[in-house]
Structures are given as C-alpha cells and as structure tokens.
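These notes concern the structure reproduced below.
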Amino acid sequence: MALMPAVFDYDRFDQLFTELGAAGFPAELHGHLTGRLCAGSRMSHTAWLDVGRELIDGRSSLPEAGKVLLLQLYDASLAELSGSGFSLTLLLPDDEATIDRRTQALGQWCEGFLGGFGLVERSTELSEESASVLADFAAIAQIQIDPEESEANEVDFMEIMEYVRMAALMLFSECQPTSQPQDQPPASLH
C-alpha cells in the first residue's frame with residue numbers, strides 16, 4: 001500500500017475541528033469537497049476557504065494553519081482526481097482507530113460527498129450507474145457496524161471503502177466537462 005500523503009492526516013484535521021469547537025467532522029468536509037470536484041465544480045482558493053470555514057463551524061475565522069491545511073487538501077484532492085493513476089485518498093482515521101470510528105467516518109464522508117455533489121448544477125443527466133452510486137453512498141452514510149473488532153468487519157470496511165473510492169473516481173470521470181465552451185474561439189497559432 002502506498003504511503004498516504006501528509007495532507008490526508010485525519011488527526012491533523014480532527015485537532016483543528018476540536019480547537020474550533022466544530023460541529024462538523026473532517027471526513028464530512030473532505031467528502032463535501034470531493035463531491036463538488038467530482039460533479040465538475042472548481043472553486044478559487046478564497047471560495048474554498050469560505051466553504052470550508054462554513055462546514056467546520058461557520059462562526060470562527062480559521063487560523064492560518066487551518067487555512068493552509070484546507071488549501072493543501074483542496075489542491076491534493078483535485079490533483080489526485082485529475083491524475084491518471086486512479087488515486088484518491090479518503091480523509092479517514094488511520095488503521096489504528098477502532099473499526100467503529102472508521103466506519104462512522106466513512107459514513108460521514110459519503111454524507112458530505114452527497115451534499116457537495118448535490119450543490120453543483122449539471123447540464124446533463126447522470127448515467128444509471130452514477131445514479132446507483134449516489135444511492136449506494138446514501139446507504140453507506142447511514143451505515144452501522146457492530147463495534148466488536150473482528151476480521152469480518154475489517155474486510156467489509158476495506159471493501160466498502162475501496163468501492164467508495166473507485167465510485168468517486170468514476171463519478172469524477174463522468175461529470176467533467178469534455179471540451180471548451182463553444183463560444184470561445186480556439187487559441188491562435190500566430
């Protein structure tokens with residue numbers, strides 16, 4: 001397994017949320033961002049900081065370290081989605097966290113994804129497969145797990161997490177604009 005980029009360190013975000021007395025959750029924040037990006041939205045850094053602040057708690061201004069963290073998350077998430085390596089890191093607690101905590105965070109990630117994806121207007125209908133993925137994400141957002149640590153729960157969690165990761169990449173691929181808008185002339189070669 002590849003080493004997770006430092007920007008996807010759940011504990012750093014969890015600490016920021018705790019310091020700000022946030023009502024939201026780090027996984028939900030990242031899911032929201034990923035949902036927007038997958039639906040075709042691109043935000044300026046300023047707009048993303050406003051959205052991120054609102055999702056974190058909506059009351060406080062973000063400390064500089066929090067702003068840097070959010071901007072790194074935006075840039076890294078967009079780079080992973082846009083890359084050719086089918087790579088997408090979900091902002092979730094690491095494997096040392098209890099299965100219950102990781103499962104809860106995966107549900108929060110899916111809930112955030114649906115919220116972010118739903119805010120972006122699309123000019124075309126989703127494919128049947130994509131609509132099915134969104135329904136699956138809604139079900140995963142409600143997921144409950146037996147808090148008992150067991151190998152079966154661990155395997156189930158890993159399979160669901162991998163499905164979410166690949167499904168998000170598929171949605172990104174389907175929903176991205178394929179060409180320049182027609183009203184823009186092609187670049188001149190002169």
Side-chain angles (χ1 to χ4, degrees), residues 5 7-8 13 22-58 62 66-92 105-143 159-190:
V7 71
F8 295 106
F13 283 90
F25 303 97
E28 185 178 15
L29 170 83
H30 186 241
H32 183 93
L33 168 62
T34 307
R36 283 187 180 218
L37 293 173
C38 285
S41 174
R42 299 297 177 270
M43 295 175 273
S44 69
H45 280 167
T46 303
W48 166 238
L49 287 175
D50 289 343
V51 168
R53 183 187 53 75
E54 189 64 34
L55 290 168
I56 290 172
D57 84 346
L62 292 170
K67 290 178 184 177
V68 168
L69 208 53
L70 285 178
L71 293 177
Q72 289 173 340
L73 184 66
Y74 180 91
D75 291 342
S77 298
L78 182 57
E80 280 193 343
L81 287 165
S82 302
S84 59
F86 295 105
S87 175
L88 175 61
T89 306
L90 306 182
L91 184 64
L92 300 173
L106 183 59
Q108 293 162 351
W109 193 95
C110 287
E111 186 175 327
F113 184 96
L114 292 169
F117 193 89
L119 288 175
V120 179
E121 288 188 39
R122 287 177 302 286
S123 58
T124 59
E125 289 290 316
L126 290 175
S127 69
E128 192 175 310
E129 185 178 12
S130 290
S132 177
V133 162
L134 295 177
D136 290 344
F137 279 18
I140 294 167
Q142 304 301 316
I143 199 166
E159 287 177 359
I160 294 168
M161 185 180 71
E162 183 63 13
Y163 169 77
V164 167
R165 198 180 72 71
M166 294 307 292
L169 287 165
M170 187 268 307
L171 284 166
F172 179 83
S173 178
E174 179 177 319
C175 296
Q176 299 315 296
T178 55
S179 62
Q180 284 185 324
Q182 295 297 344
D183 57 13
Q184 291 184 1
S188 172
L189 297 176
H190 303 286

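Small disclaimer: the values here were computed from a predicted structure and weren't measured. These values consider heavy atoms only, across backbone and side chains, with no hydrogens, waters or symmetry-generated copies.
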Can you measure from CD (Gln108) to CG (Leu92) and round to the nearest 0.5 angstrom?
9.5 Å

Considering all heavy atoms, the nearest Cys38-Ala168 contact:
SG-O, 3.3 Å

Can you list, pair by pair, the side-chain donor-acceptor contacts under 3.5 Å of residues 22-31, counting residues two or more places apart and other chains?
residue: His30; atom: ND1; partner: Leu91; partner atom: N; Å: 3.3
residue: His30; atom: ND1; partner: Trp109; partner atom: NE1; Å: 2.9
residue: His30; atom: NE2; partner: Thr34; partner atom: OG1; Å: 3.4
residue: His30; atom: NE2; partner: Ser77; partner atom: OG; Å: 2.9

Shortest non-hydrogen contact between Leu106 and Leu90, atoms and distance:
CD1-CD1, 4.1 Å

Treating Glu174 as the side-chain partner and Ser127 as the backbone partner, does any N or O pair qualify as donor plus acceptor under 3.5 Å?
yes

By salt bridge (Lys or Arg N to Asp or Glu O under 4.0 Å), which residues pair with Glu162, not counting sequence neighbours?
Arg165

So side chain to side chain donor-acceptor pair (under 3.5 Å) across residues 38-50, not counting sequence neighbours, yields Arg42-Gln176, His45-Asp75

Leu81 and Leu37 have their tightest heavy-atom pair at CD1-CB, 3.7 Å

Only distances under 3.5 Å count here; give the side-chain donor-acceptor pairs of residues 135-143 to other protein atoms, sequence neighbours excluded, each with its distance to 0.1 Å.
residue: Asp136; atom: OD2; partner: Tyr163; partner atom: OH; Å: 2.5

Quick one: are Leu70 and Phe13 in side-chain contact, heavy atoms under 4.5 Å?
yes

When rounded to the nearest 0.5 angstrom, what is the spacing between CZ in Arg36 and OH in Tyr74?
10.0 Å

Just distance, no hydrogens or angles: give the donor-acceptor pairs under 3.5 Å from side chains in residues 110-126, sequence neighbours left out.
residue: Arg122; atom: NH1; partner: Phe117; partner atom: O; Å: 3.4
residue: Arg122; atom: NH1; partner: Val120; partner atom: O; Å: 3.2

Kindly write out the residues that satisfy side-chain hydrogen bond (donor to acceptor under 3.5 Å, both in side chains) with Ser132, not counting sequence neighbours, or none if the list is empty.
none

